[in-house]
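The structure under discussion appears below in the form of structure tokens.
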Number of protein chains: 2
Amino acid sequence: MSLPHALLTSIAEKPCSGYDLARRFDKSIGYFWHATHQQIYRELGRMESQGWVISTEVEGGRAGKKLIDILPAGRDELRRWATESSAPMRLRDDMMVKLRADAAIGPLGLAEEFERRLQMHEQELQTYREIEQRDFSGVLLSHEQQLRYLILKAGITFEESRVQWTKEALQVLSKKSATD
Amino acid sequence: MSLPHALLTSIAEKPCSGYDLARRFDKSIGYFWHATHQQIYRELGRMESQGWVISTEVEGGRAGKKLIDILPAGRDELRRWATESSAPMRLRDDMMVKLRADAAIGPLGLAEEFERRLQMHEQELQTYREIEQRDFSGVLLSHEQQLRYLILKAGITFEESRVQWTKEALQVLSKKSATD
DNA sequence: CCACCCATGTAACTAGTTACATGATTTC
DNA sequence: GAAATCATGTAACTAGTTACATGGGTGG
């Protein structure tokens, strides 16, 4: 469970409102840690009652808008969590189940869905490549930039391997329908 | 939500007990769809009350042992689910969060954990490669075998990209500590 | 003045994890 | 006869999703 730690990280980078956090979890951070706004508000409530963050009503902004900032206890907790070891994420891919289902009770005509997935992965890869060009094409990157680049590269290599694999899958699936 | 469909697939491959399913979800199927035995028994109960599977007490076996088999309605449901389109899984990787935390409030000394992860990914890759040698080194593979091979290849390419990326991450992390 | 974005939340449900609990059979 | 494995389950909790709800501010 590390949603609170993902939130702490984001707040440590830049204090903001819950709404802003939700938007960040729809793009940058959301690429590797998704959360809905409902989850975020609930978690922020818990984190505040634990003394990890503090929220203050913003004067100039819209009614009810709060600025969330990290507290020393939150920083400590983030440090503690980041340095402790953890289990790697588990893959969970329904396409694998579908392939096995196809082998067991098929054929099920999975090619169409694989084509769709291929497009999605290629689209995602292109998005990452554009970010790469825009933010990391400089010759000298600071250490912080290199760390951020690493994260992007994880996304790039993942999508690349997905694209490659999906094409292979399509070949196998088309071979079958050709001989049917 | 596709645990029931993963279960249906496994039962369609070969009817078995809940215990056997739990073991399968600890190895083959578990590589891309994890579930604990508690989840499995609960889900089996639901599936039986929906008429997707049927369980019959085994005479010769241990007391209470049940043989689960798929029913026509279960097959239909599996087919329906497999042919409908679905959203690709979301990545969820705490190492990415930790890297960002390191950039924001670091350095946190993440190299040790990355070394550990590297070993795990290399170990996993080796396991997959052994299965590849054992089961798919033949020249001619049937269509079913090719589908199963595809699933294994997804694991292989994933772990390969993980290994490669983790090495890159270690380089960036060591560069920093060298200049500290 | 209407639509869209900002901004907050509650409630109910579904899925997944952890802890607890029991008892039979096989193997050493 | 003790330990490991087979075999089933319940209870309680945590995390994640979906639906519902409200209201202010900005731009066309």
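Naming: A, B, ... by sequence-line order, numbering from 1 per chain.
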Separation of D:dT8 atom C1' from B:L21 atom CG, nearest Å, is 13 Å
Counting heavy atoms from C-beta on, name the nucleotide in D:dT18, C:dT18, D:dG9 closest to the side chain of A:T36. D:dT18
In terms of heavy-atom contacts, does CD of B:Q50 have more than 12 from other residues, nucleotides or ligands at under 6.0 Å? yes
Under 4.0 Å from OP1 or OP2 of D:dA7: is there any side-chain N or O of B:R23 that close? no
Under-4.0 Å side-chain N/O to phosphate OP1/OP2 contact, A:Y41 with C:dT8: yes
Under 30°, 30 to 60°, or over 60°: which ring-plane class applies to A:Y31 and A:Y128, parallel, tilted or perpendicular? perpendicular
Can you tell which of D:dA7, C:dT8, D:dG16 lies closest to the side chain of B:R92? D:dG16
Measure the distance from CD on A:E57 to C1' on C:dT8 and round it to the nearest whole Å. 10 Å
A:I40 to A:G18 - nearest heavy-atom pair and separation: CG2-O, 4.2 Å
Considering only heavy atoms and no angle criterion, is a donor-acceptor pair shorter than 3.5 Å present between the side chain of B:H34 and the base of C:dG16? no
For the residue pair A:W165 and A:F114, categorise the inter-ring angle as parallel (less than 30°), tilted (30 to 60°) or perpendicular (more than 60°). tilted
Let me know the distance between CZ of B:F25 and P of C:dG16, rounded to the nearest Å. 11 Å
Using rotation axes that map the C1' atoms of four end pairs onto the next four (five pairs an end), what angle separates the end axes of the helix from C:dC1-D:dG28 to C:dC28-D:dG1, to 10°? 30°
Side-chain donor/acceptor of A:S10 to backbone N/O of A:L7, under 3.5 Å: no
If you pin A:K65 and A:R42 to their nearest nucleotides in DNA chain C, which one's is more 5'? A:K65
Transitively linked via ILVMFWY side-chain contacts under 4.5 Å: B:I11 with B:I151? yes
Report the nucleotide, chosen from C:dA15, D:dT17, D:dC6, that has the shortest atom-to-atom distance to any side-chain atom of B:Y19. D:dC6
Taken to the nearest whole Å, CD/B:E43 to P/D:dT8 is 16 Å
Expressed in angstrom and rounded to an integer, what is the separation of B:K66 atom NZ from C:dA24 atom P? 17 Å
Mind calculating the distance between CG (B:L44) and P (C:dA15) to the nearest angstrom? 14 Å
Quick one: does B:Q145's side chain have a donor or acceptor within less than 3.5 Å of a partner on B:F136's backbone? no
Measure from the side chain of A:Q38, starting at C-beta and using heavy atoms only, and say which of D:dT8, D:dT18, D:dT10 lies closest. D:dT18
Closest non-hydrogen atoms of A:D94 and B:A87, given as atom of the first, atom of the second and distance, are OD2-O, 4.0 Å
Of A:A35 and B:S17, the one whose closest nucleotide on DNA chain D sits nearer the 5' end is B:S17
Give the rounded distance in Å between these two atoms: CE of A:M47 and P of D:dA15. 13 Å
Rounded interatomic separation in angstrom, taking CD1 from B:I40 and P from D:dG9: 12 Å
Of the nucleotides D:dG9, C:dA7, C:dT17, which one has an atom closest to the side chain of A:R90? C:dT17
